Amino acid sequence: MKKLFLFAVATLLAFGASAQKNSRDIAKYGPGKMPFNERGEVVFSKVVSADGKTKDQLYSTARLYIAELFNSAQDVLQLEDKEGGVLIAKGNNPCPEDPKCRVWYTLRIQCRDGRYKVDIYQLSVRFEGNRTAPPSNHPAEELTDAESLKADGSTKPYGKGFCRRSVIDIATSLQRSIETGMARNAPASSEEENW
């Protein structure tokens with residue numbers, strides 16, 4: 001009787017933990033979490049306030065941060081428009097769940113007085129392949145709710161569900177990293193520069 005009771009408790013705890021993980025998965029990756037624009041493209045976009053900073057200060061900070069993020073701004077920058085306050089870079093990061101898989105993206109930072117905008121777009125997940133699976137490329141636009149999610153709203157464990165999790169994780173991590181880096185690398189005030 002005691003063993004039956006312990007088995008029942010263990011089963012309920014395991015089910016509860018699974019349900020909790022499932023609800024976290026749905027909250028982060030579930031229906032509506034892939035940001036499609038009106039043209040059907042996936043674009044992760046965020047406007048960040050930078051009170052007291054000029055467009056030129058933010059541009060310089062963004063360029064410095066891109067150089068740090070990618071180890072060399074020259075290798076990744078596709079456009080540098082200081083007058084317009086726009087930087088465009090192309091990069092890639094390894095997928096969190098599989099190092100043989102990478103998320104490729106285009107990053108645009110637009111600077112204006114007192115704010116900047118970060119857009120991450122043209123995302124795709126590229127798998128280099130192995131003995132059992134050929135190389136593949138999945139543009140983020142393929143990672144719709146219908147293609148990537150199970151009936152309960154959680155992501156499928158493999159295939160496009162895996163790709164959706166990777167795209168969302170990389171893009172949101174990159175947005176946080178840029179915001180932190182822009183704050184950390186902000187140009188010093190003129191008083192701090194007089195050393």
Side-chain angles (χ1 to χ4, degrees), residues 24 27-97 99 101-126 137-144 163-195:
R24 281 194 308 262
K28 188 171 182 181
Y29 310 111
K33 299 301 180 183
M34 190 64 85
F36 288 92
N37 67 15
E38 62 281 351
R39 293 187 307 266
E41 302 162 330
V42 173
V43 180
F44 288 82
S45 188
K46 185 173 186 178
V47 176
V48 180
S49 178
D51 296 332
K53 300 295 179 190
T54 66
K55 176 179 79 170
D56 289 340
Q57 288 173 317
L58 291 169
Y59 179 88
S60 295
T61 301
R63 189 170 191 312
L64 175 64
Y65 184 67
I66 286 173
E68 289 178 0
L69 180 66
F70 295 105
N71 298 322
S72 171
Q74 293 174 337
D75 293 340
V76 298
L77 280 170
Q78 306 293 307
L79 173 73
E80 295 181 76
D81 178 4
K82 186 170 185 174
E83 189 175 306
V86 178
L87 292 163
I88 297 178
K90 289 193 179 270
N92 66 80
N93 292 57
C95 295
E97 298 176 38
C101 187
R102 300 191 78 77
V103 175
W104 293 76
Y105 53 85
T106 300
L107 166 66
R108 178 176 50 226
I109 301 177
Q110 300 174 70
C111 303
R112 297 204 177 139
D113 290 339
R115 68 188 188 278
Y116 62 92
K117 182 180 181 188
V118 177
D119 290 318
I120 303 166
Y121 59 104
Q122 294 178 342
L123 294 122
S124 66
V125 180
R126 297 181 191 167
N137 181 43
H138 298 282
E141 288 74 18
E142 291 180 358
L143 308 177
T144 63
C163 293
R164 182 181 178 114
R165 289 191 306 277
S166 297
V167 164
I168 291 172
D169 286 344
I170 294 291
T172 56
S173 174
L174 188 57
Q175 283 179 325
R176 279 192 309 272
S177 175
I178 291 167
E179 192 171 350
T180 301
M182 291 284 286
R184 186 185 73 238
N185 290 325
S189 68
S190 58
E191 290 177 12
E192 293 171 328
E193 289 178 356
N194 294 330
W195 47 273

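Just so you know, residue 1 is the first one in the sequence shown, and it goes up from there. These numbers were taken from a predicted model, which means no experiment stands behind them.
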Enquirer: Is the backbone of Gln78 close enough, under 3.5 Å, to the side chain of Glu80 for a donor and an acceptor to pair up by distance?
Expert: no

Enquirer: Let me confirm one number: the CD1-CE distance from Ile66 to Met182, rounded to the nearest 0.5 Å.
Expert: 8.5 Å

Enquirer: Quick one: side chain to side chain contact (heavy atoms under 4.5 Å, CB included) partners of Arg102, sequence neighbours excluded?
Expert: Asn92, Pro94, Trp104

Enquirer: Which value, rounded to the nearest 0.5 Å, describes the distance between Leu69 atom CG and Asn93 atom CG?
Expert: 7.0 Å

Enquirer: Could you tell me whether a side-chain N or O of Asp119 sits under 3.5 Å from a main-chain N or O of Ser45, the two making a donor and an acceptor?
Expert: no

Enquirer: Of the non-hydrogen atoms in Val103 and Cys95, which two are nearest, and what is the gap between them?
Expert: CG2-SG, 3.9 Å

Enquirer: In Å, rounded to the nearest 0.5 Å, how long is the span from CD1 of Ile168 to CE of Met34?
Expert: 4.5 Å

Enquirer: So, do Val43 and Pro35 sit near enough that their side-chain heavy atoms are less than 4.5 Å apart?
Expert: no

Enquirer: We want to know whether Asp56 and Thr54 form a side-chain donor-acceptor pair, criterion being a heavy-atom distance below 3.5 angstrom.
Expert: no

Enquirer: Looking only at non-hydrogen atoms, find the nearest pair between Leu87 and Tyr59 and report the distance.
Expert: CD2-OH, 3.4 Å

Enquirer: For Val86, enumerate each residue passing the side chain to side chain contact (heavy atoms under 4.5 Å, CB included) test, keeping only those at least two apart in sequence or located in another chain.
Expert: Leu79, Asp81, Ile88, Arg108, Gln110

Enquirer: Indicate the atoms forming the closest heavy-atom contact of Glu179 with Tyr116, along with that distance.
Expert: CA-OH, 3.4 Å

Enquirer: Measure across Ile120 and Ala171 and return the closest heavy-atom pair with its distance rounded to 0.1 Å.
Expert: CD1-O, 3.5 Å

Enquirer: Please check if atom CZ in Arg112 has more than 12 non-hydrogen atoms from other residues, nucleotides or ligands closer than 6.0 Å.
Expert: no

Enquirer: Just so I know, are the side chains of Val76 and Lys90 near enough to count as touching, which here means a heavy-atom distance under 4.5 Å?
Expert: no

Enquirer: Give the minimum heavy-atom separation between Pro139 and Asn137, together with the two atoms involved.
Expert: CD-O, 3.7 Å

Enquirer: Between Glu41 and Glu141, is there a donor-acceptor pair closer than 3.5 Å when you use the side chain of the first and the backbone of the second?
Expert: no

Enquirer: Please indicate whether Glu97 has more than 12 foreign heavy atoms, meaning atoms of other residues, nucleotides or ligands, lying under 6.0 Å from its CD.
Expert: yes

Enquirer: Taking Lys55 for the side chain and Glu83 for the main chain, is one N or O donor matched with an acceptor at less than 3.5 Å?
Expert: yes

Enquirer: Without swapping roles, check the side chain of Ser177 against the backbone of Ser173 for a donor-acceptor pair under 3.5 Å.
Expert: no

Enquirer: Could you please spell out the steps behind the side chain to side chain contact (heavy atoms under 4.5 Å, CB included) verdict for Ile178 and Leu107?
Expert: CA-CA 10 Å; Ile178 291 167; Leu107 166 66; 3.5 Å; yes

Enquirer: List the atom of Phe70, the atom of Ala89, and the distance in Å for their closest heavy-atom pair.
Expert: CE1-CB, 4.5 Å

Enquirer: Does the Arg164 side chain pair with the main chain of Glu142, one donor and one acceptor, at a distance under 3.5 Å?
Expert: no

Enquirer: Do Arg63 and Leu77 come close enough that some side-chain heavy atom pair is under 4.5 Å?
Expert: yes

Enquirer: Is any side-chain heavy atom of Val167 closer than 4.5 Å to a side-chain heavy atom of Tyr105?
Expert: no

Enquirer: Should Phe44 and Leu174 count as side-chain neighbours, where that means a heavy-atom distance under 4.5 Å?
Expert: no

Enquirer: Hey, could you give me the CZ/OG distance between Arg126 and Ser166, rounded to the nearest 0.5 Å?
Expert: 14.0 Å

